[in-house]
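Working notes for the structure below.
Any value given below was found using the heavy atoms of this structure, including those in side chains, with hydrogens, waters and symmetry copies removed. Throughout, a chain's letter reflects where its sequence line sits, starting with A, and its residues are numbered from 1.
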Amino acid sequence: MTSSSSAGSQGHSAPGHSAPGHSRDDLPEDRELRLRRIRHSCAHVMAQATRERFGSDGPVHIATGPPTETGFYYDFELPRSVVPEDLEWIEERVKQIIAEGHQLVRAEVDAATAREIFADEPFKQEVLDGILSGHLDDNGALLEGDAPVLSTYTHNGFVDLCAGPHVDNTGDISPDAVKVLSAAGAYWRGDEKRPMLQRIYGTAWESREQLDHFLWQRSEAERRDHRKLGRELDLFMFDQSAPGMPYWLPDGWHVLSRLLEFSRTEHAKRGYREISTPLVNEKSLWETSGHWEHYVDNMFQIPIDEHRTYGVKPMNCPNAMIVFNRRTWSYRDLPLRLSDLDVLHRHERSGTLQGLLRVQSFRQDDAHIFVAEDEIGPELGRIFEIVNLFYGTFGMEHRLRMGTRPTSFLGDVATWDHAEGALREILDGSIGPDRYTIAEGDGAFYGPKIDIIMRDALDREWQMGTVQLDFQLPRRFGCTYVKADGTRETPVVVHRAIYGSLERFMAVLLEHTAGALPPWLSPCQVALLPVRAEHEPLARDIMEELGEASILARVVDASAGSLGARVREARLQRVPYMLVLGDREVAGGTLAVRLREGGEVRGADRGDAIARLRGAIQERHRTTDVAFADLLTDVEVGSPR
RNA sequence: GCCGGUGUGGCGCAGUUGGUAGCGCAGGCGAUUUGUAAUCGCCAGGUCGUGGGUUCGAUCCCCACCGCCGGCUCCA
């Protein structure tokens, strides 16, 4: 896990915000275990309450109910849909049962007894099938070794098949630290071909304060939702006629363009050459690439007549192969680095779109590198230098995940082992052995990969950048280069994107910064606020000087409202710097600089202040205070509002 | 695609037990010329997501479709 501070997304005061409810010598693992026990037990209690609630309407079948990172859920097959009143009722009942203080009694049972106890529970029978066959645990995951012991936990007459652990007594749980949150559908065993069950989510903590803190965090997340910020800051929009296809508005497009510009500049320095290729290609290209076989469901198709169909590109790689194949290459030309920032379209199943996080049209800072097999390692090193530069620049928390050979794969094991070894080596060297995870079998079918994972405001994880090794596409397209001995060899292709989808990156960036973008990305970097109309000439004069220093400024005239109103508006728009211009500034020839992150410098030398603004922007500082730190007497760190 | 919810002026929301709708902010106009988070007044703006059905009459009831929200599945 690579992390560092983010621009102003922290530092709010909150109910119970200061280290909720655990002492200093309290080990994190102990706390985790206690929470797991509480939550797991809450799931059982909720299952009992739910059965009571729905029992009169028809049969209730319980499935499984594990603890989660912040709470718990339980899956049921119910005689009718869950409505909000049900959740209220269930929550009250859960609290009641907890308060009654029931023992949770563990019992080990043999298979026949277990079958008997859960005779009316088809899902439990299936769980038993799995456990007894010795292959699956109750989440359906593969197990190693002997079949485990079967155990049940019973409280208040409610029996559940469960390995535990649980609290000893429901009295160990604080009823007012438990809340039933929501209901949603979920497939049995996560398999869309199996029945849809109803899942009820809840959250549970050690204390009321911890619960309040959690709920406060959720409301904060709502405030930082990039969709909301996109509207408020007028960055992007959607229209019903193009679901999941963002319209980038002037300010939003400005930000996105700066991101692209940064990418272009840094890649050009490193030998990447940018290309742009057709948006649509005739179907035969997609047949060659294998997309028509493996990816049609995600492709927009354009039928031209009964003989021809075009496919809108969901990826850039096939066209990169075509570009490569236009001539003969020597080993001296490798690695050949072709970047491509074109728009891609992927048709997604309805119900999966999520603001900018999951869209149907987007662009990637994509590149395809044609490389000789023995050059993979060094090239990966160069890629991770870019990764570190980018993610260091934004200072956003992320983690890396390596995906290894899947069960169904192309090519031979030796090549895979070699590639995985190269990836691992580069990760250990440039990131650190403990700073990435391995997802066994999670690689692409054509090669292993490393993904950059980030979290959104609601703590959901998203794949951002990716680095993938591909041994298959160059083969399918007959790509070759001439080796020193005159023979031909197929190059390996490295697919890589650093931001990943620019749209998704923008979403996460907005949520991490709560809209307070780093000044170098801001569509307006400085707001010039003349106190009265007579100060407007000074404002225009300064704007011109800022313009010469490549600083984006806007004058907000006095006619736009009181100074207070204009300051408020500038803050809501997250403008990084505000210059209030009045009599004092006219008289002294100085500037009063107010910083978005808090703090103000009055009487600053005009030339010096502008130089500092320019420096902060050019150096891509993440917050406004860095460049003025030595001048500030009272710096508050925190996001606006 | 599946489960549940939802759709009223640019945004955030009321509302009509069925008789074609209001509020705040934003916007326009006028007054106010203001030293760091909202100056005051007036005005304008909506075929209540779309298409069917029931009804004398539908924004409200029913059906279908579309979008959006939360999950599941899938994924950058």
query: Which is true for Glu585(A) with a 4.0 Å heavy-atom rule: it touches a base, it touches only sugar-phosphate, or it touches nothing?
result: base

Can you check nucleotides 11-14 of chain B for protein contacts, nitrogen or oxygen pairs under 3.5 Å, and list what you find?
none

- request: Assign Arg584(A) to base, sugar-phosphate, or nothing according to its heavy-atom contacts below 4.0 angstrom with the strands shown.
  value: base

field: Separation between the C1' atoms of U50(B) and G7(B), rounded to whole Å
entry: 11 Å

- line: For RNA chain B, the expected dot-bracket line (Watson-Crick or G-U under 3.5 Å, [ ] crossing, | inter-strand) is (((((((..((((.....[..)))).(((((.......))))).....(((((..]....))))))))))))....

Considering only nitrogen or oxygen atoms on both sides, find all protein atoms under 3.5 Å from nucleotides 3-6 of chain B and state each distance.
| unit_1 | atom_1 | unit_2 | atom_2 | d |
| --- | --- | --- | --- | --- |
| C3(B) | O2 | Gly185(A) | N | 3.3 |
| G4(B) | OP1 | Ser81(A) | OG | 3.2 |

- request: Taking atom P in both C43(B) and C56(B), compute the distance separating them and give it to the nearest angstrom.
  value: 41 Å

message: If I compare all heavy atoms of Leu233(A) with all of Gly515(A), which pair ends up nearest, and what's the gap?
response: CD1-O, 3.9 Å

message: In whole Å, I'd like the distance from the CG atom of Asp191(A) to the P atom of G1(B).
response: 18 Å

task: Using a 4.0 Å heavy-atom cut-off across all strands, classify Gly190(A) as base, sugar-phosphate, or nothing.
output: sugar-phosphate

task: Using the C1' atom on both, measure C61(B) against U54(B) and round to a whole Å.
output: 8 Å

- prompt: Quick one: the side chain of Glu569(A) and the base of A26(B), do they pair up donor-acceptor inside 3.5 Å?
  reply: no

